[in-house]
Amino acid sequence: MKRLLMALGMPVLQRMEPELAHGFAISALRRGLVPTPGAFSTPRLETRLAGLNLPNPVGLAAGFDKNAQAIAPLLQSGFGFIELGAATPRAQPGNPRPRLFRLREDQAVINRFGFNNDGAEAIAARLRARPKAGPGTGPKAGPGTGIVGLNLGANKDSADRAADFAQVLRICGPYVDFATVNVSSPNTEKLRDLQGKAALSALLAGVMEMRATLPRPIPVFLKIAPDLDLAALDDIAEIARESGLDAVIATNTTLARNGLTSPHSAEAGGLSGAPLFVPSTRILAELSQRLDGRIPLVGVGGIATGAQAYEKIRAGASAVQLYSALVYGGIGLVNTIARDLDALLQRDGYASVADAVGSGRSAWLAAANSIAG
């Protein structure tokens, strides 16, 4: 019955105003109207990321469940891990509507939400109430178990945005399995300025100091933009090594609008979906070369198939995340991607995801050098 409701519901959601449809999707998950088969897992797919044991490497990117309203059903929808948020210290409404646009012709999405969320205290209360992760996450685990992370953000009107990240970590850190510093959203004015070397180093130092005070120190990730030049990537790699980061997520949405055909292509905001796959994967490969396995990477941007997830892994990612593809393919896409990824690993003789990480990096770098030349 749930699968039938989903099949009937997707066309309806596609006709709704995008943000309203997103709210209905969260509500359907909370009400148990969405199939929750658990995460598809095999020994090949089992992944260790920054000390976290994942049943598969296919994760949910931040932005889908900003307010931690559907944690348990999302964990049972096929994802190997999920990332909630972004959360800011104080609740804020974000940017005016409309702020979410489907680009059907491009299989893409533009958003300019601006960190709309209920605030760290409300989100922490929901995180506190979730069942804790236990051994054997996956289909055989209890409802709601699994790896949950939180994307940390800053209030738009904050006098000290760098301090906001540490404050959210203080409030929510005890209830999550990892936290992501998000200085790469294009929808909060001047937020990306914090990706500069001096500013980012200082910000991360504050976050790491706060992490040391938590009852259970958790991995800290950094999410970067796809619009960085190679010199900026050099700086990111250096900072990642020096600051003690546990992983880097590459990448967030882009400000670029190359080759789009949709009527909404000129809307302001961050572009995600299919057009982001190639540029984000090139950034991933470049960063993988610079870090050379010393810090794991999470590949994000344009993933809608198992083959694309596999390409991210071959470019240097230890795990992947997706979000925009769900707009067009629905939540059932998650296990399809995991199953297809497993088949590709088996086809190529890899015993694990880890064995395939970076195996195609040189090809991505060669392609990038060819275009630059």
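We count residues from 1, following the sequence as given.
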- Would you check if there is a donor-acceptor pair between the side chains of K156 and T88 at a distance under 3.5 Å? no

- Message: Checking side-chain polar atoms at under 3.5 Å, does T281 have a donor or acceptor matched by the opposite partner on E311?
- Response: no

- Using the salt bridge (charged side-chain N to carboxylate O under 4.0 Å, His left out) rule, collect all pairs that involve residues 330-345, keeping only residues at least two apart or in two chains. R44-D342

- Task: Name the orientation class of the two ring planes belonging to H22 and Y323 (parallel below 30°, tilted from 30 to 60°, perpendicular beyond 60°).
- Result: tilted

- Message: Once you measure the plane-to-plane angle for Y350 and Y310, does it fall in the parallel (<30°), tilted (30-60°) or perpendicular (>60°) bin?
- Response: perpendicular

- Query: With hydrophobic residues grouped by side-chain heavy-atom distances under 4.5 Å, do L100 and L20 end up in a single group?
  - Reply: no

- Please write out which residues are connected to L255 in a hydrophobic cluster, directly or through intermediates, given that two of Ile, Leu, Val, Met, Phe, Trp, Tyr count as joined at side-chain heavy-atom separations below 4.5 angstrom. none

- Query: Are any of the side-chain heavy atoms of D65 and I82 separated by less than 4.5 Å?
  - Reply: no

- Note on the structure: Rounded to the nearest 0.5 Å, the CG atom of L150 sits from the CD1 atom of I218 at a distance of 8.5 Å

- Task: For the pair Q14 and Y328, evaluate side chain to side chain contact (heavy atoms under 4.5 Å, CB included) and give the outcome as yes or no after the intermediate values.
- Result: CA-CA 8 Å; Q14 290 285 325; Y328 300 103; 4.2 Å; yes

- Trace of the side chain to side chain contact (heavy atoms under 4.5 Å, CB included) decision for W364 with L284: CA-CA 9 Å; W364 279 97; L284 171 69; over 6 Å; no

- Item | Non-neighbouring partners of R170 that pass salt bridge (charged side-chain N to carboxylate O under 4.0 Å, His left out), sequence neighbours left out | none

- Task: Begin from the C-alpha positions of R130 and Y175 and carry the test side chain to side chain contact (heavy atoms under 4.5 Å, CB included) through to its verdict.
- Result: CA-CA 9 Å; R130 77 176 177 97; Y175 314 112; 5.6 Å; no

